Amino acid sequence: MPFKEEGKMKLRIFCSLLLLLCVALRAQTPSSQRSTPLTVGRPQSVGISPARLERIDQMALKAIANNEIPGLVALVARQGKIVYNKAYGFADIESNVPMRTDHIFRIASQTKAITSVAAMMLWEEGHFELDEPISKYISTFKNPEILDTFDESTGTYTSIPAEKEITIRQLLTHSSGIGYGLIDPNKGIRMIYKQAGIIDAWSTEPDRLSENIKRLSELPLVFEPGEKYRYSLGIDVIGYLIEIVSGMRLDSFMQERLFGPLGMKDTFFYLPKGKAKRLVTPYTNKSGEWLKYKGYPGYYDADFPVKGAKTYFSGGAGLSSTALDYAKFMQMILNRGELNGTRFLSRTTVATMSAAQIEMGQGALAHGLAFGVTNEDSVAVGGLGSAGSFSWGGYFNSQYFADPKEEILGIILKQTRQTNKPDSTKAKFRRLVLQSVDD
């Protein structure tokens with residue numbers, strides 16, 4: 001064989017081996033720690049009192065009767081057994097559609113934990129380091145500036161150079177200094193983001209994640225990176241990082257690496273036509289009457305899961321899902337990275353993600369690399385679970401928590417915004433789940 005042809009052959013073999021390696025990295029690995037899939041079980045079999053679980057029924061019925069919410073789905077599982085999965089109220093009032101446990105909800109910021117897990121899977125594979133600057137992958141984040149002055153009358157501002165660059169860890173822990181547009185407490189940041197056309201989470205327009213994050217990278221920060229906790233668009237930046245290092249769109253990556261292997265059949269950024277009819281209607285309450293919530297003018301359309309261009313994939317808030325699907329994801333984390341014989345993360349990585357990374361200024365709650373985590377004070381506070389419990393919620397009034405020590409998880413899904421009555425289920429649900437423990 002001539003030398004030139006031999007060189008071409010070696011190159012082809014090398015490329016083939018490299019392709020096989022990339023495919024192998026994308027595949028989940030089998031685990032010797034073979035847990036069973038989430039299945040329905042008797043409460044008594046896992047140390048849960050059926051009589052005490054009925055208090056969740058009473059809570060739901062009372063909240064609906066008091067016009068606090070139009071409906072909900074709640075799920076409780078312990079030791080891999082679903083002991084409570086019920087629906088109350090209505091999914092759509094106008095059409096008189098009763099809520100069912102398989103109804104699909106906009107889970108908004110519950111997306112953040114999923115995106116963070118996806119990122120940590122790539123971290124395990126060696127694609128990036130947690131404490132290296134994001135500018136290594138998204139160059140426009142180089143040399144960040146911090147907002148100094150803002151003129152409301154003209155919309156102009158001045159900024160000063162930051163002393164440090166934003167790291168990937170800071171993005172995951174909401175300590176990067178990036179703001180959060182519509183919900184940011186700084187009016188100047190809200191106006192600057194709006195002027196720049198920053199998408200906070202959802203879009204029915206033909207927008208792209210890459211374009212939005214590049215626009216965001218050119219705007220001033222609220223404070224010096226790493227200085228403190230402040231809820232932010234950092235996880236949306238992480239979503240774009242996933243696209244860069246994986247070479248896949250965020251929705252495709254999640255489907256291949258998480259939703260498919262976990263059996264999450266009803267979790268999507270945008271719902272297929274066959275599933276759209278199960279999407280719960282979002283509601284707002286005006287003068288005691290439930291009205292369809294349409295979104296926020298100039299920012300987003302609340303029908304984004306079924307409407308528009310369907311091209312924007314928000315790693316911070318874009319997913320819709322069911323209680324059962326999200327329970328599968330949470331059970332994998334409770335199992336320290338494994339479900340049904342498939343290893344998604346090492347238990348050592350889950351331990352890092354669940355460790356307190358930064359204080360949130362909320363007593364017993366700190367932030368890990370994916371969600372809020374409780375510290376040793378949580379037991380004394382009451383109703384928060386054991387130290388190391390993790391939790392978060394979503395913009396459309398959904399909440400979840402899990403207590404690794406008690407091997408228990410709870411999910412409560414609702415779809416309301418801007419109601420004129422406080423929703424008592426937010427505070428009560430976790431407490432009622434934990435008080436049902438009977439072993």
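Keep in mind the model is a prediction, meaning the values are calculated, not measured. Residue numbers start at 1 and run along the sequence shown.
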Any side-chain donor paired with an acceptor under 3.5 Å for [X] and [Y]?
X      : Y      : value
Asn335 : Gln331 : yes
Thr156 : Asp151 : no
Lys142 : Ser139 : no
Tyr137 : Glu132 : yes
Glu338 : Ser35  : yes

Within a reach of under 6.0 Å around [atom1] of [X], are more than 12 heavy atoms found that belong to other residues, nucleotides or ligands?
X      : atom1 : answer
Arg100 : CZ    : yes
Gln195 : CD    : yes
Glu376 : CD    : no
Arg336 : CZ    : no

Do [X] and [Y] have side-chain heavy atoms sitting under 4.5 Å apart?
X      : Y      : value
Leu72  : Ile412 : yes
Tyr231 : Ser109 : yes
Glu407 : Leu334 : no
Lys265 : Thr322 : no
Leu258 : Met264 : no
Lys112 : Thr115 : no
Thr311 : Arg208 : yes
Lys310 : Phe269 : no

So which atom in [X] and which in [Y] form the shortest heavy-atom distance, rounded to 0.1 Å?
X      : Y      : value
His367 : Thr173 : ND1-CA, 3.9 Å
Pro220 : Ile189 : O-CD1, 3.9 Å
Gly288 : Asn420 : N-ND2, 3.4 Å
Ile93  : Trp290 : CD1-CB, 3.5 Å
Thr342 : Gln28  : CG2-CB, 3.4 Å
Glu224 : Lys164 : OE2-N, 2.7 Å

Tell me whether [X] is salt-bridged to [Y], with the criterion being a basic N under 4.0 Å from an acidic carboxylate O.
X      : Y      : result
Lys428 : Glu68  : no
Lys187 : Glu152 : yes
Glu243 : Arg249 : no
Arg106 : Asp303 : yes
Asp131 : Arg169 : yes
Asp184 : Arg230 : yes

Using modelled atom types only, decide if a donor and an acceptor are shared between the side chain of [X] and the backbone of [Y] within a distance under 3.5 Å.
X      : Y      : value
Asp403 : Gly385 : no
Ser320 : Ile104 : no
Gln357 : Thr352 : yes
Thr374 : Gly388 : yes
Arg52  : Gln435 : yes
Ser203 : Glu205 : yes
Thr111 : Gly316 : no

Steps toward side-chain contact (heavy atoms from CB on, under 4.5 Å) verdict (Ile178, Leu221) = CA-CA 5 Å; Ile178 292 173; Leu221 305 177; 3.8 Å; yes
What distance do [X] atom [atom1] and [Y] atom [atom2] have between them, rounded to the nearest 0.5 Å?
X      : Y      : atom1 : atom2 : answer
Thr349 : Phe344 : OG1   : CZ    : 14.0 Å
Lys421 : Asp423 : NZ    : CG    : 11.5 Å
Leu279 : Asp92  : CG    : CG    : 10.0 Å
Arg430 : Tyr400 : CZ    : OH    : 10.0 Å
Leu171 : Asp236 : CG    : CG    : 10.5 Å
Tyr270 : Asp251 : OH    : CG    : 9.0 Å

Give the ring-plane orientation class for Phe371 versus Phe390, where under 30° counts as parallel, over 60° as perpendicular and anything between as tilted.
->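 Parallel.
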In terms of ring plane angle, is the pair Tyr299 and Tyr296 parallel, tilted or perpendicular, where the classes change at 30° and 60°?
->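 Ring orientation of Tyr299 relative to Tyr296: perpendicular.
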Residue among Tyr312, Tyr395, Phe313 satisfying ring-ring contact (aromatic ring centres under 6.0 Å, His included) with Trp202 | Tyr395
Is there a side-chain contact (heavy atoms from CB on, under 4.5 Å) between Leu182 and Tyr193 once you walk through the steps?
-> CA-CA 8 Å; Leu182 177 63; Tyr193 279 28; over 6 Å; no
Find out whether the Lys NZ or Arg CZ of Lys228 is both under 6.0 angstrom from the six-membered ring centre of Phe223 and within 45° of the ring's axis.
->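 Yes - Lys228 lies over the ring of Phe223, closer than 6.0 Å to its centre and within 45° of its axis.
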Evaluate side-chain contact (heavy atoms from CB on, under 4.5 Å) for Asp148 paired with Tyr157, printing each intermediate quantity in order.
-> CA-CA 7 Å; Asp148 187 29; Tyr157 64 88; over 6 Å; no
Would you please test Thr267 and Asp325 for side chain to side chain donor-acceptor pair (under 3.5 Å) and show each step?
-> CA-CA 7 Å; Thr267 305; Asp325 266 16; 2.7 Å; yes
Evaluate the salt bridge (Lys or Arg N to Asp or Glu O under 4.0 Å) criterion for residues Arg257 and Glu125: first the C-alpha distance (whole Å), next the side-chain angles of each, then the deciding distance (0.1 Å), finally the verdict.
-> CA-CA 13 Å; Arg257 298 294 303 270; Glu125 295 167 6; 2.7 Å; yes
After noting the C-alpha distance and the side-chain angles of Gln110 and Ser321, does the key distance pass the side-chain contact (heavy atoms from CB on, under 4.5 Å) rule?
-> CA-CA 10 Å; Gln110 289 186 212; Ser321 188; over 6 Å; no
